[in-house]
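Structure, as structure tokens:
If you're wondering where the values come from, they're calculated on a predicted model, not measured in any experiment. Order of listing sets the numbers, starting from 1, for every ligand and every atom in it. All values below were derived from every heavy atom in this structure, side-chain atoms included, with hydrogens, water molecules and symmetry-related copies excluded.
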Amino acid sequence: MSGIADLTNTACEADMYLAKMTEKTWAHLRSIRENPEFISRPTDADEASLLLYEPLARRGKPLVLAQVGQSLDGRVATPSGDAQNVSGRDGIAHLHRCRALVDAVIVGVGTVVADDPSLSVRAVSGRSPVRVVIDCNGRLPLDAKMLTDGGSPLLVLQADDVPPRNLGAEVVRLARRGQGLHPQDILDCLAERGLTSILVEGGAKTIARFIEADLVDRLHVAVAPLIIGSGPMGINLTPVERLAEARRPRISVFNIGTDIVFDCELRVATQRSEPSRESKDILMPHPA
Ligand SMILES: NC(=O)c1ccc[n+]([C@@H]2O[C@H](COP(=O)([O-])OP(=O)(O)OC[C@H]3O[C@@H](n4cnc5c(N)ncnc54)[C@H](OP(=O)(O)O)[C@@H]3O)[C@@H](O)[C@H]2O)c1
């Protein structure tokens with residue numbers, strides 16, 4: 001493939017690519033996202049960028065992407081919680097491209113408490129996804145920006161044994177199962193609303209719940225060249241005793257400029273069911 005082999009290293013089992021997103025390539029990916037049947041492609045599209053983003057843009061079947069932006073030593077913030085600008089300019093653009101290509105973005109309430117994010121698409125052109133906050137125990141701060149910013153629709157997921165709250169956003173109550181809400185129940189609830197391509201953006205506990213339920217198809221780890229030294233990690237899975245038990249996904253590595261993206265295939269074939277054709281209450285992502 002032209003223009004993508006610049007970093008190929010035959011000693012390593014990962015395929016490595018140099019991705020240089022262009023306006024034409026991004027416009028093409030957005031066209032695919034709007035119309036999955038779209039096949040014509042610009043002759044000078046950046047092949048590596050297509051490789052990275054086309055699986056998200058083509059919405060043939062349900063897809064769950066988890067993404068972490070972290071330092072070289074796997075941190076996502078300082079111990080005091082400063083999480084601003086861990087990712088470089090291109091890492092942020094990458095995250096916003098992922099948001100623009102999915103139907104919905106999920107965060108845990110811990111991320112809202114820590115960062116008060118808007119979860120909108122700003123660094124690139126594109127529509128903002130529906131926002132979903134997992135707030136099992138009803139502790140979403142009433143002054144959270146996303147409750148009043150007039151952005152894309154917001155769904156707050158709560159356990160059904162917690163008193164309903166009047167948040168000015170749609171609150172969906174799901175059965176409490178085991179440690180809280182089961183990620184499959186969350187995906188089913190979103191699929192009923194026509195939301196089937198999902199970005200699980202964090203934090204560590206939320207991503208872990210989806211990975212441990214074996215519901216993450218792809219994991220993007222965007223590594224920025226800084227060493228924070230201590231502080232929270234991007235993913236907190238249940239400890240394993242032996243390295244033989246560690247997950248070793250097939251990966252492709254993309255140099256996107258200021259950051260390096262590890263694109264990990266956590267599940268090669270999806271076993272999730274397609275959403276029902278009778279899906280009601282279709283909740284569309286924000287158009288801008
Ligand atoms: N760099 C990045 O890519 C990135 C992205 C996002 C966030 N972050 C960082 O991550 C940190 C926050 O992460 P975190 O792990 O502390 O919190 P989190 O994952 O954002 O939220 C965890 C909380 O959400 C609720 N929750 C999530 N999944 C649930 C489930 N399946 N069932 C029931 N409840 C569920 C629980 O709330 P309850 O405790 O109320 O039960 C849980 O404690 C912040 O420092 C933030 O800056 C980094």
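In terms of heavy atoms, Ala57 sits closest to Leu29 at CB-O, 3.7 Å.
Near Cys136, meaning under 4.0 Å from any of its heavy atoms, are these atoms of ligand 1: 33 (C), 34 (N). Distances below 4.0 Å separate heavy atoms of Val68 from the following atoms of ligand 1: 3 (O). Close approach of ligand 1 to Gly69 (heavy-atom distance below 4.0 Å) involves ligand atoms 1 (N), 2 (C), 3 (O). Of all atoms in ligand 1, numbered sequentially from 1 with element shown, those under 4.0 Å from a heavy atom of Ala114 are 44 (C). Close contacts of ligand 1 with Ala83, meaning ligand atoms under 4.0 Å from a residue heavy atom, involve 47 (O). Near Arg139, meaning under 4.0 Å from one of its heavy atoms, ligand 1 places the atoms 37 (O), 38 (P), 39 (O), 40 (O), 43 (O).
Under 4.0 Å is where a charged nitrogen must lie from a carboxylate oxygen, and between Arg127 and Asp103 no such pair does.
For the pair Ala204 and ligand 1, the shortest N or O to N or O distance falls below 3.5 Å. Remark: ligand 1 and Gly180 share no N or O pair separated by less than 3.5 Å (distance only, no angle test). Taking any N or O of Gly203, backbone or side chain, at least one lies under 3.5 Å from an N or O belonging to ligand 1. Considering backbone and side-chain atoms together, Asp115 places an N or O closer than 3.5 Å to an N or O of ligand 1.
What sits closest to atom 9 (C) of ligand 1 on the protein, heavy atoms only, is Val76 CG2, 3.9 Å. Given atom 20 (O) of ligand 1, the protein heavy atom at minimum distance is Thr111 OG1, 2.6 Å. In terms of protein heavy atoms, atom 36 (C) of ligand 1 is closest to Val109 CG1, 4.4 Å. Protein heavy atom in closest approach to atom 31 (N) of ligand 1: Leu181 O, 2.8 Å. Counting protein heavy atoms only, atom 35 (C) of ligand 1 is closest to Ile134 CG2, 3.5 Å. Closest protein heavy atom to atom 27 (C) of ligand 1: Thr206 OG1, 3.2 Å. Asn137 ND2, 2.7 Å is the protein heavy atom nearest to atom 41 (O) of ligand 1. Protein heavy atom nearest atom 21 (O) of ligand 1, with residue, atom name and distance: Gly110 N, 3.1 Å.
In this structure, of Gln179, Lys205, Gln67, the residue bringing a heavy atom nearest to atom 16 (O) of ligand 1 is Lys205. Nearest to atom 4 (C) of ligand 1 by heavy-atom distance, out of Gln84, Glu201, Arg209, His182, is Glu201.
Judged purely by atom type and a 3.5 angstrom limit, Arg122 has no side-chain atom pairing as donor or acceptor with the backbone of His96. Side chain of Arg209 to main chain of Leu181: a donor-acceptor pair is present (N/O by atom type, distance under 3.5 Å, no hydrogens or angles).
With rounding to the nearest 0.5 Å, the separation of CG in Asp46 from NZ in Lys20 is 8.5 Å. Between His28 atom NE2 and Arg41 atom CZ the span is 5.5 Å, to the nearest 0.5 Å.
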CA sep, side-chain torsions, deciding dist, call: Asp82, Ser80, side chain to side chain donor-acceptor pair (under 3.5 Å): CA-CA 6 Å; Asp82 184 2; Ser80 65; over 6 Å; no
Thr111/Glu201 under side chain to side chain donor-acceptor pair (under 3.5 Å): CA gap, chis, key distance, verdict: CA-CA 9 Å; Thr111 294; Glu201 193 171 308; over 6 Å; no
Assess whether side-chain contact (heavy atoms from CB on, under 4.5 Å) is satisfied between Met21 and Ile256, documenting all intermediate values. CA-CA 8 Å; Met21 179 60 83; Ile256 59 167; over 6 Å; no
Criterion salt bridge (charged side-chain N to carboxylate O under 4.0 Å, His left out) on Lys61 and Asp217, from CA distance to verdict: CA-CA 11 Å; Lys61 52 184 169 189; Asp217 299 296; over 6 Å; no
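Ring orientation note: the planes of Tyr53 and His94 are tilted relative to one another, at an angle of 30° to 60°.
For Val86, the heavy-atom gap to ligand 1 stays at 4.0 angstrom or more. The shortest heavy-atom distance from Val107 to ligand 1 is not under 4.0 Å. Under a 4.0 Å heavy-atom criterion, Gln70 is not in contact with ligand 1.
For the salt bridge (charged side-chain N to carboxylate O under 4.0 Å, His left out) test, residues two or more places apart in sequence or in another chain that qualify with Arg165 are Asp135.
The hydrophobic clustering, which links ILVMFWY residues whose side-chain heavy atoms are closer than 4.5 Å, places Val107 and Met233 apart. Following chains of ILVMFWY side-chain contacts shorter than 4.5 Å, one can reach Ile235 starting from Val253, so the two form part of one hydrophobic cluster.
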